[in-house]
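For clarity, every value in this text was computed on a predicted model and none was experimentally measured. These numbers come from the heavy atoms of this one structure, side chains and all, not from hydrogens, waters or symmetry mates.
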Amino acid sequence: MQLYKNQQIKVYNSLTGKKETFQPITEGYVGMYVCGPTVYSNVHLGNVRTFMSFDMVFRYLKHLGYKIRYVRNITDAGHLENDADVGEDKITKKARLEEIEPMEIVQRYTVDFHNVINTFNLLPPSIEPTATGHIIEQIELISTIIDNGFAYEVNGSVYFDVHKYNETNDYGILSKRKLEDLIHNTRALDGQSDKKNPQDFALWKKAEPTHIMRWPSPWSDGFPGWHLECTAMSTKYLGEQFDIHGGGMDLKFPHHECEIAQNQAAKGKSPVNYWMHANMLELNGARMSKSTGNYINPAELLSGKNDIMSKAYNPNVVRFFMMQSAYRSVLDLTDNGLLASEKGFNRLMNAVDDLEKLKTSNTSSFNVKTWKQKCYDAMNDDFNTPILIANLFEAVNHINAIKEGSATISKEDLEIFKSAIHTFVFDLLGLNNAKDTAEGTDKLSGAVQLLIKLRQEARANKDFALSDKIRDELAEVGITLNDSRDGTTFSTN
C-alpha cells in the first residue's frame, strides 16, 4: 500500500484562507508548479528559502508514494523592472550595462542559480521550462484570450481587460483585493496611455527599436508579458487544471492573481486547486535590501566574507535553520539564530551517528511506532517542519538515554527507529550527515584524536591534572569529549 493512503495531508490553501484536506485531481498523481527565478542577477537568500520550502514539499509527496510532476520555470524574458508594464526589461538592462548579449546574462545567472540550489541540496524539478522556449504557446494563449473578448490590441501591444473580466469573474479572488479599491488607489503612470484602464496588464509588449529580445507575433515584433509565461508553461505540462501552484508571498498579487484571470479567460476554469505561498526572509529583523545595506547573498553567508555574520556557515546548518520555521511564517535570519541551529544540527548528527552503536534489549522503554506517527502527523499538518524537528530532538533524547543505559530498545524497534530517523532527517528535511564540511575537517579530527590519545596516556600515568586540562580546554573552544566503556569520542558545539 502506498503511504499516501493512510497519511492524510492538510494543506493551507491561500485561495480559501484555510487548511484543507489534500485530494489530488487524479488519485496517486500530483502536478505542482512553482514560479522560478528571473535570471538577471545572482539568486538571493529569499529565493533560496522559497525553493527550499517547495523542495521539502516535493520530497514529502514523493516519499508518500505519489507520482509527482514538479515544474519550476526559468524566467529569461518579458520581466520589466517594476514588475508592471513600464520600465526596461531586467535582462536587457543588465546586458546593456555589461555590454554583452542578453542570453549571456541568462546563461550566467542560470548557472549561478543551479550552483546555489545544488549547494543547499535541492532536488531538480521534473521539468524546468524557459519563457523563451515557449513563445509559440504564449502567442496562442493570447489569441484565445482576445477571441474570448478579454483582451485588446493597441499599437502592437496586447492588454488584458481587467474590467471586462471582472464583470463575470472575481479579479482579486486570491489576494482578496477588490477592483474598486485598486481603481481608487491607482495613480496615472507615464507609458500607460495605451491601456483602457490602469489596472489592465500586458499580455504582449511591442518592442522599441533598441529592444534586443524580441519575437514576431500577429501584433508586432515584441515580447510576452511576465504573467503570461507561467500560465502557458504550467498548463502545457500539467493540464488546464492541476493540483498545486507555489511561489513566494510577494507573487500573490499581481502575478498569481493574473495567472488565475488568464486561465479563466482562456479556458473558462480556475487553473489550480491549492495555492501555496512561502513567506518572506528578513535579516536582523528588517527587510533584506541591497539599497539599505541590510543584505547578504548565499556565497557571502557560506564563506563568512561579510560584515553581518560572525563566521562562515555550512549549507546544512542554513538549511536546518530554514526548516526550523514553518514555510508560511516570516523567518528572521540572524547570527544568533544560525549559531543555535549549528549547535542543534551537530547534536542531531551526533545522535544519528550513535544510532549505529546502540545496544539492543529484549524490550523497548518507549513506543517507537507512536513516535514515528507523530513525525508523520507533523508533516501531514501543512508540512510542519518545526514540529517534525521537535520530534527528532525527542528521538535524540531517547538515543542518548539508550546509550547511557537508562532506556532500552529492542532489535526490531531499533531497525524501525533507524529507518524512520534517516527518512525524516535526510530524505525529507534534505540534510546531509556532515557536522562540518568546511575545509580542514579531517585535520581537526586528526588533531583532536591526537589530544585524546595524549589524555589517555596522562590518565594511565595518573596525571589527572593534565587529563582534565586537555578536556576542559577543548570544551572552551567548543569540542566536547565523550567518555564511554567503548572509548572516547568528540563532538563540536
Engineer: Any sub-3.5 Å donor-acceptor pair from Asp76's side-chain atoms to Ala131's backbone N or O?
Structural biologist: yes
Engineer: Taking atom CG of Leu3 as the centre, report whether more than 12 heavy atoms of other residues, nucleotides or ligands fall under 6.0 Å from it.
Structural biologist: yes
Engineer: Do Asn433 and Asp353 have a side chain donor and acceptor closer than 3.5 Å?
Structural biologist: yes
Engineer: Please evaluate residues Asp377 and Gln373 with respect to the criterion side chain to side chain donor-acceptor pair (under 3.5 Å), reporting the C-alpha separation (whole Å), side-chain torsions for both, the decisive distance (0.1 Å), and the verdict.
Structural biologist: CA-CA 6 Å; Asp377 290 344; Gln373 186 55 48; 2.8 Å; yes
Engineer: Taking side chain as C-beta onward, heavy atoms only, is Asn263 less than 4.5 Å from Lys269?
Structural biologist: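 Yes - at least one pair of side-chain heavy atoms lies under 4.5 Å apart.
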Engineer: Are Pro298 and Thr119 packed together at the side-chain level, in the sense that at least one heavy-atom pair is separated by less than 4.5 angstrom?
Structural biologist: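 SC-SC contact between Pro298 and Thr119 ruled out.
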Engineer: Does NZ or CZ of Lys372 come closer than 6.0 Å to the centre of the six-membered ring of Tyr376, within 45° of the ring's axis?
Structural biologist: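 Lys372 over Tyr376 ring: no.
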Engineer: Any side-chain heavy atom of Arg49 sitting closer than 4.5 Å to one from Leu333?
Structural biologist: no
Engineer: Side-chain contact, heavy-atom cut-off 4.5 Å: Met280 with Met288?
Structural biologist: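 No, side chains not in contact.
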Engineer: May I have the step-by-step check of side chain to side chain donor-acceptor pair (under 3.5 Å) for Tyr33 and Asn73, ending in yes or no?
Structural biologist: CA-CA 8 Å; Tyr33 185 90; Asn73 73 294; 3.2 Å; yes
Engineer: Under 6.0 Å from the NZ atom of Lys62, do we count more than 12 heavy atoms belonging to anything else shown?
Structural biologist: no
Engineer: In sequence, state the C-alpha distance, the side-chain angles, and the governing distance for Ser410 and Phe417, and then conclude on side chain to side chain contact (heavy atoms under 4.5 Å, CB included).
Structural biologist: CA-CA 10 Å; Ser410 68; Phe417 200 34; over 6 Å; no
Engineer: Which of parallel (below 30°), tilted (30 to 60°) and perpendicular (above 60°) describes His277 and His256?
Structural biologist: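 Taking His256 first and then His277, their aromatic rings sit tilted (interplane angle of 30° to 60°).
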Engineer: Among Asn380, Thr385, Leu429, Asp427, exactly one meets side chain to side chain contact (heavy atoms under 4.5 Å, CB included) together with Tyr60. Which residue is that?
Structural biologist: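 Of Asn380, Thr385, Leu429, Asp427, side chain to side chain contact (heavy atoms under 4.5 Å, CB included) with Tyr60 is met by Asn380 alone.
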Engineer: Does either side chain, that of Asn166 or that of His163, offer a donor lying less than 3.5 Å from an acceptor on the other one?
Structural biologist: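 No pair is found: no donor N or O on one side chain lies under 3.5 Å from an acceptor on the other.
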Engineer: Do the side chain of Tyr274 and the main chain of Gln23 share a donor and acceptor less than 3.5 angstrom apart?
Structural biologist: yes
Engineer: The test is side chain to side chain contact (heavy atoms under 4.5 Å, CB included); show your working for Phe223 and Met213 and say whether it passes.
Structural biologist: CA-CA 7 Å; Phe223 54 95; Met213 301 184 82; 5.7 Å; no
Engineer: Is the number of heavy atoms from other residues, nucleotides or ligands within 6.0 Å of NZ (Lys176) greater than 12?
Structural biologist: yes
Engineer: Only one of Asn13, Ile9, Asp382 clears side chain to side chain contact (heavy atoms under 4.5 Å, CB included) with Glu20; which?
Structural biologist: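 Only one option passes, and that is Asn13.
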Engineer: May I ask you to say whether Lys164 pairs ionically with Glu167, meaning some side-chain N is under 4.0 Å from a carboxylate O?
Structural biologist: no
Engineer: Have Glu229 and Thr75 got a donor and an acceptor in their side chains that come within less than 3.5 Å?
Structural biologist: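 Distance-only check passes for Glu229 and Thr75.
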Engineer: Within the 4.5 Å heavy-atom criterion, are Ile68 and Tyr29 side-chain neighbours or not?
Structural biologist: no
Engineer: Does a side-chain heavy-atom distance below 4.5 Å link His227 with Pro254?
Structural biologist: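 Yes; the side chains approach each other to less than 4.5 Å.
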Engineer: Indicate the ring-plane relationship of Tyr4 and Tyr66, choosing parallel, tilted or perpendicular according to the 30° and 60° boundaries.
Structural biologist: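 It falls in the parallel class, under 30°.
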Engineer: Would you say the rings of Phe120 and Phe51 are close, in the sense that their centroids are separated by under 6.0 Å?
Structural biologist: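 That pair fails the under 6.0 Å test.
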Engineer: Please assess Phe321 against Leu331 for the test side chain to side chain contact (heavy atoms under 4.5 Å, CB included), listing each intermediate value before the final yes or no.
Structural biologist: CA-CA 9 Å; Phe321 170 79; Leu331 176 59; 3.8 Å; yes
Engineer: What do you reckon, are the aromatic ring centroids of Phe201 and Trp226 less than 6.0 Å apart?
Structural biologist: no
Engineer: Looking at Phe54, is Arg72 sitting on its ring face, NZ or CZ under 6.0 Å from the six-membered ring centre and within 45 degrees of the normal?
Structural biologist: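 Pair Arg72/Phe54 does not count as cation-pi.
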Engineer: How long is the span from the CZ atom in Arg177 to the CD atom in Glu257, to the nearest 0.5 Å?
Structural biologist: 8.5 Å
Engineer: Dump the intermediate steps for side chain to side chain contact (heavy atoms under 4.5 Å, CB included) on Lys5 and Glu27, then the final yes or no.
Structural biologist: CA-CA 10 Å; Lys5 294 186 177 180; Glu27 183 181 346; 3.8 Å; yes
Engineer: Between Arg59 and Asp55, does any NZ, NE, NH1 or NH2 come within less than 4.0 Å of an OD or OE carboxylate oxygen?
Structural biologist: yes
Engineer: Do Phe320 and Tyr313 have their ring centres less than 6.0 Å from each other?
Structural biologist: no
Engineer: Give a yes-or-no answer on whether the side chains of Tyr159 and Asn197 include a donor-acceptor pair shorter than 3.5 Å.
Structural biologist: no
Engineer: Could Lys403 and Asp354 be called an ion pair, given the rule that one side-chain N must be under 4.0 Å from one carboxylate O?
Structural biologist: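 The answer is yes: the pair qualifies as a salt bridge.
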Engineer: Is any side-chain heavy atom of Glu412 closer than 4.5 Å to a side-chain heavy atom of Ser364?
Structural biologist: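 Not in contact.
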Engineer: Counting only heavy atoms not in Asn362, do more than 12 sit closer than 6.0 Å to its CG atom?
Structural biologist: no
Engineer: More than 12 non-hydrogen atoms from neighbouring residues, nucleotides or ligands closer than 6.0 Å to CZ on Arg214, yes or no?
Structural biologist: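 Yes, enclosed.
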Engineer: Relative to each other, are the rings of Phe366 and His398 parallel, tilted or perpendicular (30° and 60° limits)?
Structural biologist: parallel
Engineer: Kindly indicate whether the side chain of Ser329, heavy atoms from C-beta on, has any atom under 4.5 Å from the side chain of Asn279.
Structural biologist: no
Engineer: Would a distance-only check, ignoring hydrogens and angles, find a side-chain to backbone donor-acceptor pair under 3.5 Å from Asn118 to His114?
Structural biologist: yes
